[in-house]
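No hydrogens, no waters, no symmetry mates; every other heavy atom, side chains included, goes into these values. All of these numbers come straight from a predicted model, not from anything done at the bench.
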2 protein chains.
Amino acid sequence: MKDRRTGNNQYLKEMNKSIVLDLIRTNKDMSRKFLADRTGLSATATGAIVKTLLNDEYIQEIGEGVSSGGRKPVILRLKPRSYYSVGFDIDERYIYTVVLDITGEVVYRKKLETPKRLTADETIETLYQAYFQAVNELVIRDDRILGVGVSIPGMMDIETKRIILAPNLGWSDVDLLNPLEEALDTTVYLDNEAMCSASCENWIGLCRNVEDFICINIESGIGAGMFVRGKIYRGFTGSAGEVGHISVDDKGLVCKCGNVGCLETIASINGMVAKAMRGSTSIQNEINVEKAFEELLQKARRGDSRSLEIFQEAAESLGKAIANLINTFNPQKIVLGKKFPDYADLVLETIRKTAQRLALSYPSRHVEIVSSPFGEDSSALGAAIIPLRKLFGK
Amino acid sequence: MKDRRTGNNQYLKEMNKSIVLDLIRTNKDMSRKFLADRTGLSATATGAIVKTLLNDEYIQEIGEGVSSGGRKPVILRLKPRSYYSVGFDIDERYIYTVVLDITGEVVYRKKLETPKRLTADETIETLYQAYFQAVNELVIRDDRILGVGVSIPGMMDIETKRIILAPNLGWSDVDLLNPLEEALDTTVYLDNEAMCSASCENWIGLCRNVEDFICINIESGIGAGMFVRGKIYRGFTGSAGEVGHISVDDKGLVCKCGNVGCLETIASINGMVAKAMRGSTSIQNEINVEKAFEELLQKARRGDSRSLEIFQEAAESLGKAIANLINTFNPQKIVLGKKFPDYADLVLETIRKTAQRLALSYPSRHVEIVSSPFGEDSSALGAAIIPLRKLFGK
DNA sequence: GAACTTTTTCAAGTGGTCTTAATAACTTTT
DNA sequence: AAAAGTTATTAAGACCACTTGAAAAAGTTC
């Protein structure tokens with residue numbers, strides 16, 4: 001469908017089709033009648049739309065439901081393994097490939113370690129191979145691929161879709177989308193890692209049917225993806241959600257961003273490790289952050305008070321920042337993800353209590369603060385979900 | 001149009017009509033041809049839509065434009081004084097009535113002082129009289145009234161539209177909408193004061209054609225209305241935008257909300273006056289805040305260093321809070337309104353510099369921080385704009 | 001003034017949804 | 001077991017907004 005502001009019959013059909021399809025996705029036992037009731041469409045129109053969906057194998061008739069005093073309804077479901085969507089998560093140290101089917105089920109996952117940083121060209125080459133390996137292994141027909149989503153740890157220009165800056169990859173002003181689209185011969189969508197995570201929570205995670213929420217990712221830094229009215233919110237230039245730079249401590253460390261006491265300096269993995277190291281005697285130039293954090297976590301679990309204190313401070317800072325977000329944003333949920341689930345048990349209660357204490361009572365009574373069920377996979381999954389979202393009109 | 005998720009021909013027509021109407025509103029010299037080009041509609045469809053709009057007197061043919069080598073285009077404009085919208089701003093001390101015509105021009109304004117606080121019932125009675133006085137004075141036909149918008153200094157339930165709490169009015173759990181709708185026999189819309197201000201900036205102020213922005217109101221407290229993707233953002237429970245409770249000072253005053261160092265305690269009118277009073281010898285139980293602030297401002301303008309310091313501290317705190325908002329929201333503009341324009345010259349540069357210094361460079365390079373052209377009228381105007389928004393499909 | 005452009009309108013046709021009526025399948029009543 | 005009442009689905013024709021293509025109207029250029 002061409003990009004136009006106004007609608008015509010095709011647009012109408014497309015739109016209604018998406019709505020019907022989405023109702024079938026989000027509700028377990030939908031019949032034609034039930035769809036008609038929910039959509040406001042006539043039984044006829046509903047039947048016609050269902051027919052085309054069946055024809056194209058987006059859905060299938062799964063059997064009969066319980067009668068409510070008359071003919072039994074025919075239950076409709078998305079047809080598993082009918083259409084597929086591919087997601088990539090590009091990171092400093094790995095490229096992660098997942099394939100979902102139309103129902104959102106993961107049918108393929110493969111993590112490729114990349115010992116050295118890849119250039120954009122090398123990345124495209126690698127994605128090319130990963131793509132066709134997956135597609136061939138799963139024996140997916142070309143016309144059954146809905147598209148490819150790519151998660152990038154960086155900022156992109158909202159218009160041109162060029163990657164403006166991806167510090168961890170060492171890229172700046174790179175066009176990944178067009179060459180990749182040419183190489184794979186499919187529609188490619190690019191999005192920021194945090195946005196992808198949020199998208200994942202919204203589709204298959206804890207924020208299904210949640211319209212307004214924030215997904216905060218704790219990694220080497222801290223970033224967030226935000227949903228507003230059921231859609232990803234990007235902001236004016238596409239950089240919304242930089243919650244890592246909310247200032248939570250007047251007399252805290254100076255952050256590389258120029259501000260003081262940024263959340264990131266206290267509650268990110270790097271921040272916590274740095275704090276743990278400051279007390280230590282071993283001065284290492286190149287610390288393995290991942291390993292160091294693992295050790296910190298072990299020590300905390302064994303009851304080491306200094307380590308526990310670091311986690312508690314991080315929790316309180318997170319609580320503070322979250323209180324700000326609750327007041328300004330009034331979200332329904334706040335999901336903490338990526339590395340966070342690994343140590344959620346240590347800190348979640350403190351975060352909740354701190355946020356509850358500092359935020360206004362009305363919005364904070366209605367918000368849930370939870371730990372993500374996905375961990376580090378959320379970005380790749382979220383990337384794969386982008387093409388699905390388009391199909392379902394989201 | 002009934003509330004339904006799917007579309008039919010009526011929906012399509014309504015939608016396309018709104019889009020065309022909005023293009024005529026936002027562009028000076030629109031002809032049928034130009035509309036067709038911009039919307040993607042066929043010339044025929046555009047012509048038909050224009051015909052109905054002319055028939056209903058929403059628009060008029062204003063004359064001929066310049067030829068580009070052929071027949072001259074007929075220029076279309078909104079027809080002034082054809083349809084009207086009424087807005088009320090209910091405050092502790094006054095009820096403000098404005099009437100706009102379809103073009104957004106103010107055709108009536110009247111401020112009614114209310115010496116004592118009014119109950120909800122008294123308010124309805126007062127609005128009833130104010131409404132018919134305005135309508136009769138302007139000689140407006142019933143079918144030319146698009147609706148009534150009401151601005152409330154409080155929180156409302158997003159579902160039931162009941163007013164949950166309006167501290168300044170002394171109301172809690174009040175239904176204003178239904179009785180008022182019955183009394184006036186027109187569609188009534190209720191909204192929060194800050195949301196109304198934002199709506200005003202978006203329609204006739206500095207945020208025309210701006211999709212994502214925040215309108216921060218400085219009054220006795222500090223609140224904000226936010227726009228996301230061209231629409232008011234209310235949050236999950238309708239209380240988004242409480243930026244007055246962003247904490248900007250770890251060791252600041254305890255706020256009534258329970259948090260410490262809330263922006264409101266430093267940069268609101270009450271906050272600034274309280275600070276000025278703390279140094280003073282005169283201990284007054286009932287201070288006239290408005291008058292006290294006027295004095296503070298006078299002293300600052302005369303160069304009193306203590307007073308100037310209070311404004312500078314407020315400015316820096318605002319800059320801090322705004323930096324947070326820039327990082328998380330990435331808005332295109334931030335408008336400071338209500339009392340702010342009265343002293344903008346004293347503080348705006350400090351606010352800009354502080355925000356610029358503390359926020360991330362990419363989003364802060366693209367944001368404009370400005371002072372509202374409306375002052376205290378913005379809420380009443382914004383309220384009157386709600387029915388207009390509906391007409392134009394916004 | 002003839003040829004060409006641009007803008008607007010007209011007439012016929014397409015492609016959606018809606019209403020009405022019929023049919024199919026099941027439950028409850030007799 | 002048959003009849004009556006419910007519920008789900010399908011079929012046929014009406015309706016309506018948009019599209020296409022041609023014609024008309026108005027202006028410009030040579």
Legend entry - Geometric cation-pi criterion Arg229(A) and Tyr233(B), 6.0 Å radius, 45° cone: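 Output no; distance or angle outside limits.
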
Counting heavy atoms from C-beta on, name the nucleotide in [options] closest to the side chain of [X].
X        : options                   : answer
Thr44(A) : dT19(D), dT19(C), dT7(C)  : dT19(C)
Ser42(A) : dT19(C), dT7(C), dT19(D)  : dT19(C)
Lys33(B) : dA8(D), dT8(C), dT17(C)   : dT8(C)
Asn8(A)  : dC26(C), dC18(D), dC18(C) : dC18(D)
Arg71(A) : dC18(D), dA25(C), dT9(C)  : dA25(C)

Given [N], is OP1 or OP2 found less than 4.0 Å from the side-chain N or O atoms of [X]?
X        : N       : result
Thr6(B)  : dT17(C) : no
Arg32(A) : dT9(D)  : yes
Ser67(A) : dC26(C) : no

Inset, instruction - Using a heavy-atom cut-off of under 4.0 Å over every strand shown, decide if Gly69(B) touches base, sugar-phosphate, or nothing. - result: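 Since a base atom lies under 4.0 Å of Gly69(B), the category is base.
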
Inset, instruction - Verify the neighbour count for atom CG of Asp185(A): are there more than 12 heavy atoms of other residues, nucleotides or ligands below 6.0 Å? - result: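 12 or below, so no.
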
Legend entry - Atom CG of Asp142(A) with >12 non-hydrogen neighbours under 6.0 angstrom: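 No, CG of Asp142(A) has 12 or fewer neighbouring heavy atoms, counting only those of other groups under 6.0 Å.
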
Inset, instruction - Return the nucleotide paired to dT8(C): Watson-Crick means purine N1 to pyrimidine N3 with N6-O4 or O6-N4, wobble means G-U with N1-O2 and O6-N3, both under 3.5 Å. - result: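 When the pairing criteria are applied, dA23(D) turns out to be the nucleotide that pairs with dT8(C).
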
Legend entry - Ser197(B) and Ser378(B): side chain donor to acceptor below 3.5 Å: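 Indeed, the side chains of Ser197(B) and Ser378(B) share at least one donor-acceptor pair under 3.5 Å.
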
Inset, instruction - Could I get the full list of side-chain contact (heavy atoms from CB on, under 4.5 Å) partners for Asn330(B), not counting sequence neighbours? - result: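 side-chain contact (heavy atoms from CB on, under 4.5 Å) list for Asn330(B), sorted by chain: Phe236(A), Thr237(A), Ser239(A), Ala240(A), Pro363(B).
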
Inset, instruction - Can you run down the ring pair (Phe, Tyr, Trp, His ring centres under 6.0 Å) pairs that involve residues 55-74 of chain B, sequence neighbours left out, and say none if there aren't any? - result: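 Listed by first then second residue: Tyr58(B)-Tyr83(B).
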
Give each protein N/O atom lying under 3.5 Å from an N/O atom of nucleotides 14-16 of chain C, with the pair distance.
| unit_1 | atom_1 | unit_2 | atom_2 | d |
| --- | --- | --- | --- | --- |
| dG15(C) | N2 | Asn9(A) | ND2 | 3.2 |
| dG15(C) | N3 | Asn9(A) | ND2 | 3.0 |
| dG16(C) | N2 | Asn9(B) | ND2 | 3.2 |

